[in-house]
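Since the structure comes first, as structure tokens, the remarks are kept for the end.
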Amino acid sequence: DVKVTQSSRYLVKRTGEKVFLECVQDMDHENMFWYRQDPGLGLRLIYFSYDVKMKEKGDIPEGYSVSREKKERFSLILESASTNQTSMYLCASSLLAGNQPQHFGDGTRLSIL
Amino acid sequence: GNSVTQMEGPVTLSEEAFLTINCTYTATGYPSLFWYVQYPGEGLQLLLKATKADDKGSNKGFEATYRKETTSFHLEKGSVQVSDSAVYFCALSTNAGKSTFGDGTTLTVKP
């Protein structure tokens, strides 16, 4: 089974801090994704990557950046955290070829105080 | 662009009731269709999928049929259990590798 591991289940940070969320997958998937999930807003794509060092903006990239130095690891960075970035963050991965399903981690619930 | 519209919730049913959650889509090309389930405090898990018209995906008693003529992929289960209480997401994927998700439907099953 594919395993997608997010480094923290819960995280509390302060406004203005630089925050790193880490995600690792163990199935050699080319695609990796970061979403945020908020009540009533569903899943919103922040960034995705289809290869090492490649990244594409999703629907809501403002205030975020990403890093993919190795195929198995995809990091989400909040450059200067703000209270409106309090949310559930979900990482996912998938194969590049064909119409493949995504495999999700358990999520990181991030609170910015 | 692609879009997925699913039945608004929340949906509350008694145990052993019949479940239908409607899902319709708009897509260019020939997407694959998926249902995901999210249990409290967890990420999304793939529940079932269908890759072409008239395919039926099934898992754990849930079923959905890919209907190209009505652009629909409705989720059904004949007899729900309390343990089926979760949020259900309909989604589609194209060759671009990205997926488009519906907004999710919260199901609560009462004993």
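We name chains A, B, ... by the order of the sequence lines, and we start the count at 1 in each one.
- Residues B:Phe101 and A:Met32 do not share a hydrophobic cluster, defined by chaining ILVMFWY side chains whose heavy atoms lie under 4.5 Å apart.
- Interatomic distance, OG of B:Ser99 versus CZ of A:Phe48, reported as 11.0 Å (0.5 Å rounding).
- Looking at A:Gln6, there are no atoms closer than 4.5 Å to chain B (heavy atoms on both sides), in backbone or side chain.
- The OG atom of B:Ser32 lies 7.5 Å from the CD atom of A:Gln100; values are rounded to the nearest 0.5 Å.
- Residues B:Lys98 and A:Leu45 have side chains in contact (heavy-atom distance under 4.5 Å, counting atoms from C-beta outward).
- In terms of hydrophobic clustering, with Ile, Leu, Val, Met, Phe, Trp and Tyr side chains grouped at heavy-atom distances under 4.5 Å, B:Val87 and B:Leu75 are assigned to different clusters.
- Using a 4.5 Å cut-off between side-chain heavy atoms of Ile, Leu, Val, Met, Phe, Trp and Tyr, with links allowed through other members, A:Leu110 and A:Leu76 fall into the same hydrophobic cluster.
- Other residues, nucleotides and ligands contribute at most 12 non-hydrogen atoms within 6.0 Å of the CD atom of B:Glu16.
- Counting heavy-atom neighbours within 6.0 Å of B:Glu8 CD, excluding the residue itself, gives a total of 12 or less.
- The cluster map of Ile, Leu, Val, Met, Phe, Trp and Tyr, joined by side-chain heavy atoms under 4.5 Å apart, puts A:Leu95 and A:Val24 in different clusters.
- Ranked by heavy-atom pairs under 4.5 Å with chain B, the first of A:Gly42, A:Cys91, A:Pro101 is A:Pro101.
- With a 4.5 angstrom heavy-atom cutoff, B:Gln38 touches chain A only via side-chain atoms.
- Counting heavy atoms of neighbouring residues, nucleotides and ligands inside a 6.0 Å radius, atom CZ of A:Arg9 exceeds 12 of them.
- Taking chain B as the reference chain and counting heavy-atom pairs below 4.5 Å, the highest number among A:Gly107, A:Ser94, A:Gly105 is found for A:Gly105.
- Distance check: B:Phe89 CZ to A:Gln37 CD gives 4.5 Å after rounding to the nearest 0.5 Å.
- Not one N or O on the side chain of A:Arg109 forms a donor-acceptor pair closer than 3.5 Å with the backbone of B:Gly41.
- To the nearest 0.5 Å, atoms CD (A:Gln102) and CZ (B:Phe34) are separated by 8.5 Å.
- Across B:Gly43 and A:Leu90, no two heavy atoms sit closer than the pair CA-CD2, 4.1 Å.
- For the atom pair OH of B:Tyr39 and CG of A:Asp106, the computed distance is 13.0 Å after rounding to the nearest 0.5 Å.
- Criterion: ILVMFWY side-chain heavy atoms under 4.5 Å apart, direct or through other members. Under it, B:Tyr66 and B:Tyr88 are part of a common hydrophobic cluster.
- Taking both residues in full, the closest heavy atoms of A:Phe104 and B:Leu44 are given as CB-O, 3.3 Å, listed atom of the first, atom of the second, then distance.
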